A.B. asks: 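Next up is a structure, given as structure tokens.
If you're wondering where the values come from, they're calculated on a predicted model, not measured in any experiment.
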Amino acid sequence: MTDFRDFVNAHKVRMLSELQELLRIPSISTDPGHNADCRRAADWLGNHLKALGCRTVEYLASQTHPIVWGVGPEVPGKPIVLVYGHYDVQPPDPLNEWTSPPFEPTVRNGNLYARGATDDKGQVFAIVKAFEAVMGRNRPPVNIRFLLEGQEESGSKILFDLLAREPERVRADAVLVADTPYYLPGWPAVETGLRGLCYAEIKVRTARSDLHSGLYGGAAPNAHETLVRILAGLKTAEGRIKIPGLYDLVQRPSKQVRAAWKKLPFNERKFLKDEVGAKALTGLKAYTVFERLWALPTFEIHGIKGGFTGDGAKTVIPAEATAKVSLRLVPKQSEKKVQKLLTAAVKKLAPGYADVTVTFVHGADPVVVDVDSTPIAVLDRAFTEIEGRGVVPVRSGGSIPIVPELAKEGAPVVLSGIGLPDDRLHAPDEKINVEQIWKGVRVFGRFFELMAEREGVEGASSNGETASSR
Ligand code: BES
Ligand code: MN
Ligand code: MN
């Protein structure tokens, strides 16, 4: 047995500076201006995996956002653990709300602040360092493979296409995905489900060009007004989404599940004050906060573009307006089905004088995970040893598009990470707690060790291409 605590203590200064190196790369996948940075982050990880002893490291399917495929030493007869994660990050704006710049990783009060610190570079890094720790012995306990992508934050198209061509990449005995947080400090979680996503752009055109609001106002249609009326028609002030058919696809979680959620420690006032930072929560009051966050769909407006928003005043009737919107989806609400429902609802709300189009940007299907799997039991043991508490089953409102594909060859997927609930992912001052990284190295290292006590069910013949399924 490797003493992972000793490993962490001996190497944490170096490891922290390595992670800072990775976090300095602004690998923002949604912005083509950062293509070269995405590539640099992939190279950083690939070079690292190679140096740690991966016998194969490949950059697949893209020059700019390659999938990093790393195959550890072959360990005959032992299970295959596939590690999935992403090296891309969300845009860092608004920049002036960061205490220290997003791509200058800085430690304050035991936290490491940077874009990507917890989502997902810091968590991927913890697993890579666990790999380093087990590689320090003659041979690692299991067959370890890495599938690290650079497009998770923008829909994972490259990886979807790759796995359609090469589904055997995900043949494994377990898929480990560390891209979600603890439930509370000291309370590791395993997600039993993730919401899906349907991200769309609604564009309204009402005239050939912008018009003088004095000369034409009163008789000419206004694109912004038309757009906001459509948007307002899609949801009531009470939080009910007015897309016909949408709620027909919602399955209420079972009584047992709801009872289990009721038992989770949850302080609504603290959640409101410390995490949300608002005066009140909104949404369907007949449902608990967990149901609203985990088991019901949402409709959000992300931004509205068009017309005049500069300094001063301009008297203009805008001819075009665009809104970026999205829905979070719950089990049974596939992205495809909801795209159709949204388009139909918008078309019905659109007045005859306007050209209204709905286009889809990206999305994800919802995920349900069976948590009675062997790898989850193994991870539960690892957390119990190191954290003094096993994993608590929860759902999460976030999405990870590729997860359904990761499960397609039958491997149980484990969604469990080392972030904390106040990590502020996608927001200013994103951070990861430094102690959580070290716990992560120990837990994932122990997970690899304990997985070795299980047989690879069909025996792992692992040339990196023909992994065994369960
Ligand atoms: N890691 C998150 C998803 C997440 C966070 C799930 C916390 C559960 C708990 C992931 O990187 C993410 O942000 N996904 C996007 C997906 C989208 C851009 C297709 C999301 O949920 O908005
Ligand atoms: Mn993520
Ligand atoms: Mn994210």
A.B. asks: Would the distance check show the side chain of Arg328 and the main-chain N or O of Phe299 forming a donor-acceptor pair, the cut-off being under 3.5 Å?
C.D. replies: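 Not confirmed, Arg328 side chain does not pair with Phe299 backbone.
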
A.B. asks: Below 4.5 Å, heavy atoms only, C-beta onward: do Val81 and Asp173 meet side chain to side chain?
C.D. replies: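 They are not in side-chain contact.
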
A.B. asks: Are the side chain of Arg195 and the backbone N or O of Leu293 linked by a donor-acceptor pair below 3.5 Å?
C.D. replies: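 Side chain of Arg195 to backbone of Leu293: a pair is present.
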
A.B. asks: Within the structure provided, determine whether Thr384 and Arg389 are in side-chain contact (heavy-atom separation under 4.5 Å).
C.D. replies: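 Heavy-atom side-chain distance check fails, nothing below 4.5 Å.
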
A.B. asks: Please verify the inter-ring angle class for Phe125 with His48; under 30° counts as parallel, over 60° as perpendicular, anything in between as tilted.
C.D. replies: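 Because their plane-to-plane angle lies in the 30° to 60° range, the rings of Phe125 and His48 count as tilted.
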
A.B. asks: Listed by chain and number, what are the salt bridge (Lys or Arg N to Asp or Glu O under 4.0 Å) partners of Arg165, not counting sequence neighbours?
C.D. replies: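 Checked Arg165 against salt bridge (Lys or Arg N to Asp or Glu O under 4.0 Å); zero matches.
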
A.B. asks: Do Glu74 and Arg139 come close enough that some side-chain heavy atom pair is under 4.5 Å?
C.D. replies: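 Sidechains of Arg139 and Glu74: no contact.
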
A.B. asks: Would you say CG of Asp370 has more than 12 non-hydrogen atoms from neighbouring residues, nucleotides or ligands within 6.0 angstrom?
C.D. replies: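 Atom CG in Asp370 is crowded, with more than 12 foreign heavy atoms closer than 6.0 Å.
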
A.B. asks: Any idea which heavy atoms bring Ala130 and Phe448 closest together, and the distance?
C.D. replies: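 That would be CB-CE1, 4.0 Å.
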
A.B. asks: Could you tell me which residues satisfy side chain to side chain donor-acceptor pair (under 3.5 Å) with His302, sequence neighbours excluded, listed by chain and number?
C.D. replies: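 Expected list: Ser326.
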
A.B. asks: Report the C-alpha separation of Phe7 and Met15 in whole Å, then their side-chain angles, then the decisive distance to 0.1 Å, and conclude whether the side chain to side chain contact (heavy atoms under 4.5 Å, CB included) test is met.
C.D. replies: CA-CA 11 Å; Phe7 174 84; Met15 291 195 288; 3.9 Å; yes

A.B. asks: If you draw a 6.0 Å radius around CZ in Arg40, do more than 12 non-hydrogen atoms from other residues or ligands fall strictly inside?
C.D. replies: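 Above 12, so yes.
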
A.B. asks: Determine whether the side chains of Tyr113 and Glu104 contain a donor N or O and an acceptor N or O closer than 3.5 Å.
C.D. replies: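 There is no such pair between these side chains.
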
A.B. asks: Around Lys305, counting heavy atoms of other residues, nucleotides and ligands shown, do more than 12 lie under 6.0 Å from its NZ?
C.D. replies: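 Not buried by this count: 12 neighbours or fewer within 6.0 Å.
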
A.B. asks: Does Arg240 make a cation-pi contact with Tyr247 (under 6.0 Å, within 45 degrees of the axis)?
C.D. replies: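 Yes, Arg240 and Tyr247 form such a contact.
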
A.B. asks: Could you walk me through whether Asp422 and Lys431 pass the salt bridge (charged side-chain N to carboxylate O under 4.0 Å, His left out) check?
C.D. replies: CA-CA 8 Å; Asp422 64 350; Lys431 56 94 174 158; 2.8 Å; yes

A.B. asks: Is the shortest heavy-atom distance from the side chain of Val177 to the side chain of Val175 under 4.5 Å?
C.D. replies: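 Yes - at least one pair of side-chain heavy atoms lies under 4.5 Å apart.
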
A.B. asks: Could you give me the CA-CA distance, side-chain angles and deciding distance for Val378 and Arg454, then say whether side chain to side chain contact (heavy atoms under 4.5 Å, CB included) is met?
C.D. replies: CA-CA 9 Å; Val378 168; Arg454 315 280 166 159; 3.7 Å; yes

A.B. asks: For the backbone of Pro91 and the side chain of Arg115, can you confirm whether one donor and one acceptor N or O come within less than 3.5 Å of each other?
C.D. replies: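 Yes, Arg115 side chain to Pro91 backbone: donor-acceptor pair under 3.5 Å.
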
A.B. asks: Does atom CD of Glu275 have more than 12 heavy-atom neighbours from other groups under 6.0 Å away?
C.D. replies: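 Count over threshold, so yes.
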
A.B. asks: Salt bridge between Asp429 and Arg424, side-chain N to carboxylate O under 4.0 Å?
C.D. replies: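 A salt bridge is absent here (no side-chain N lies under 4.0 Å from a carboxylate O).
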
A.B. asks: Decide yes or no for Leu112 and Leu23: does some side-chain heavy atom of the first lie under 4.5 Å from some side-chain heavy atom of the second?
C.D. replies: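 Contact flag for Leu112/Leu23 side chains = yes.
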
A.B. asks: Above 12 or not: heavy atoms from other molecules or residues under 6.0 Å from NZ of Lys347?
C.D. replies: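 More than 12 within 6.0 Å, yes.
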
A.B. asks: Taking the side chain from Ser156 and the backbone from Leu159, do they hold a donor-acceptor pair closer than 3.5 Å?
C.D. replies: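 No; judged by distance alone, with no hydrogens or angles, the pair does not exist.
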
A.B. asks: Who passes salt bridge (Lys or Arg N to Asp or Glu O under 4.0 Å) against Glu152, sequence neighbours left out?
C.D. replies: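 Salt bridge (Lys or Arg N to Asp or Glu O under 4.0 Å) check on Glu152 returns nothing, list empty.
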
A.B. asks: Can you name the closest pair of heavy atoms from Val124 and Gly85 and give their distance?
C.D. replies: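 In this case the closest contact between Val124 and Gly85 is CG2-CA, 3.8 Å.
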
A.B. asks: For a quick test of reading the model, state the closest non-hydrogen atom pair linking Pro66 to Ser62 and the distance between them.
C.D. replies: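 Pro66 and Ser62 have their closest heavy atoms at CB-O, 3.1 Å.
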
A.B. asks: Looking at the rings of Phe146 and Phe131, which for Trp means the six-membered one, are their centres under 6.0 Å apart?
C.D. replies: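 Yes, the ring of Phe146 comes within the 6.0 Å limit of the ring of Phe131, centre to centre.
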
A.B. asks: Can you find a heavy atom in the side chain of Ile25 that is under 4.5 Å from one in the side chain of Trp44?
C.D. replies: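 Side-chain contact under 4.5 Å: yes.
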
A.B. asks: Does Thr106 offer a backbone N or O that forms a donor-acceptor pair with the side chain of Ser100 under 3.5 Å?
C.D. replies: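 Absent.
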
A.B. asks: For Phe271 and Phe266, I'd like to know if the aromatic rings sit close, meaning centre-to-centre distance below 6.0 Å.
C.D. replies: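 Yes, ring centres under 6.0 Å apart.
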
A.B. asks: Before you tell me yes or no, could you show the steps for Ile28 and Thr30 under side chain to side chain contact (heavy atoms under 4.5 Å, CB included), namely the whole-Å CA-CA distance, both residues' side-chain angles and the distance that decides it to 0.1 Å?
C.D. replies: CA-CA 6 Å; Ile28 305 161; Thr30 197; 4.1 Å; yes

A.B. asks: For Glu453, is there an ion pair with Arg381 - N to carboxylate O distance below 4.0 angstrom?
C.D. replies: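 So Arg381 pairs with Glu453 through a salt bridge.
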
A.B. asks: Counting N and O atoms only, with roles assigned by atom type, does the side chain of Thr64 sit under 3.5 Å from a partner on the main chain of Asn35, one being a donor and the other an acceptor?
C.D. replies: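 No; zero donor-acceptor contacts below 3.5 Å.
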
A.B. asks: Can you list everything that forms a side chain to side chain donor-acceptor pair (under 3.5 Å) with Thr343? Sequence neighbours excluded, please.
C.D. replies: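 For Thr343, no residue satisfies side chain to side chain donor-acceptor pair (under 3.5 Å) once neighbours in sequence are set aside.
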
A.B. asks: Checking Ser29 against Ser154: is there a side-chain donor and acceptor pair closer than 3.5 Å?
C.D. replies: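 Indeed, the side chains of Ser154 and Ser29 share at least one donor-acceptor pair under 3.5 Å.
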
A.B. asks: I'd like to know if the side chain of His65 pairs up with that of Asp88 as donor and acceptor (distance under 3.5 Å, no hydrogens or angles considered).
C.D. replies: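 Looking only at side-chain atoms, Asp88 and His65 do not form any donor-acceptor pair under 3.5 Å.
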
A.B. asks: Considering non-hydrogen atoms only, spot the tightest contact between Cys38 and Tyr87 and give its length.
C.D. replies: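 Here Cys38 and Tyr87 meet closest at O-CE1, 3.2 Å.
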
A.B. asks: Going by the rule salt bridge (Lys or Arg N to Asp or Glu O under 4.0 Å), which residues pair with Lys324 if we only count those two or more places apart in sequence or in a different chain?
C.D. replies: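 Partners of Lys324 by the salt bridge (Lys or Arg N to Asp or Glu O under 4.0 Å) criterion, ordered by chain and then number, come out as Glu201.
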
A.B. asks: Any chance you could lay out the salt bridge (charged side-chain N to carboxylate O under 4.0 Å, His left out) test for Arg446 and Glu385, step after step, and finish with the verdict?
C.D. replies: CA-CA 9 Å; Arg446 197 61 189 128; Glu385 285 179 16; 2.6 Å; yes

A.B. asks: Would you name the heavy atoms of Pro421 and Pro181 that are closest together and state the gap between them?
C.D. replies: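 Heavy atoms of Pro421 and Pro181 come nearest at N-CB, 4.3 Å.
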
A.B. asks: How would you list, by chain and number, every residue that makes a side chain to side chain contact (heavy atoms under 4.5 Å, CB included) with Asp274, sequence neighbours excluded?
C.D. replies: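 Partners of Asp274 by the side chain to side chain contact (heavy atoms under 4.5 Å, CB included) criterion, ordered by chain and then number, come out as Lys270.
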
A.B. asks: Strictly by modelled atom types, are Lys50 and Thr56 linked by a side-chain donor-acceptor pair under 3.5 Å?
C.D. replies: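 Side chains of Lys50 and Thr56: no pair found under 3.5 Å.
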
A.B. asks: Do Asp365 and Lys336 meet the salt-bridge criterion of a basic N to acidic O distance under 4.0 Å?
C.D. replies: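 Judged by the 4.0 Å cut-off on N to carboxylate O distance, Lys336 and Asp365 do not form a salt bridge.
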
A.B. asks: Short question: side chain of Arg145, backbone of Val83 - any donor-acceptor pair under 3.5 Å?
C.D. replies: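 Side chain of Arg145 to backbone of Val83, a donor-acceptor pair under 3.5 Å: no, none is there.
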
A.B. asks: Heavy atoms, side chains only, cut-off 4.5 Å: are Val338 and Leu246 in contact?
C.D. replies: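 A side-chain contact exists here, since the closest heavy-atom pair is under 4.5 Å.
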
A.B. asks: Determine whether a donor-acceptor pair (N or O, by modelled atom type, separation under 3.5 Å) exists between the side chain of Asp31 and the backbone of Gly33.
C.D. replies: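 It does hold such a pair.
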
A.B. asks: Please report the C-alpha distance between Val392 and Leu264 in whole Å, then the side-chain angles of each, then the deciding distance to 0.1 Å, and finally whether the side chain to side chain contact (heavy atoms under 4.5 Å, CB included) criterion is met.
C.D. replies: CA-CA 9 Å; Val392 56; Leu264 292 169; 3.5 Å; yes

A.B. asks: Is the charged tip of Arg442 near the ring of Phe383: under 6.0 Å from the six-membered ring centre and within 45° of its axis?
C.D. replies: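 Judged by the rule, Arg442 and Phe383 form no cation-pi pair.
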
A.B. asks: Less than 4.5 Å apart, side chain to side chain, heavy atoms only: is that true for Thr192 and Val394?
C.D. replies: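 No - every pair of side-chain heavy atoms lies 4.5 Å or more apart.
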
A.B. asks: Can you say whether the rings of Tyr199 and His362 are parallel (under 30°), tilted (30 to 60°) or perpendicular (over 60°)?
C.D. replies: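 Tilted, since the angle between the ring planes falls between 30° and 60°.
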
A.B. asks: Taking the side chain from Tyr183 and the backbone from Pro265, do they hold a donor-acceptor pair closer than 3.5 Å?
C.D. replies: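 Flag set: sc Tyr183 to bb Pro265 pair under 3.5 Å.
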
A.B. asks: Looking at Lys439 and Glu435, does any basic side-chain N land under 4.0 Å from a carboxylate oxygen?
C.D. replies: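 A salt bridge is absent here (no side-chain N lies under 4.0 Å from a carboxylate O).
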
A.B. asks: Which atom names give the shortest non-hydrogen contact between Glu409 and Pro167, and what distance separates them?
C.D. replies: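 Smallest heavy-atom distance, with atoms named: CG-O, 3.3 Å.
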
A.B. asks: Return yes if some donor-acceptor pair links the side-chain N/O of Glu335 with the main-chain N/O of Cys198 below 3.5 Å, else return no.
C.D. replies: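 The answer is no, because no donor-acceptor pair under 3.5 Å joins these two groups.
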
A.B. asks: Is the closest basic N to carboxylate O distance between Lys129 and Glu132 below 4.0 Å?
C.D. replies: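 Looking at Glu132 together with Lys129, the answer is yes, because their closest N to O distance falls below 4.0 Å.
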
A.B. asks: Should the pair Arg169 and Trp69 be classed as cation-pi, given the thresholds of under 6.0 Å to the six-membered ring centre and 45° from the axis?
C.D. replies: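 Here Arg169 passes the 6.0 Å and 45° test against Trp69.
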
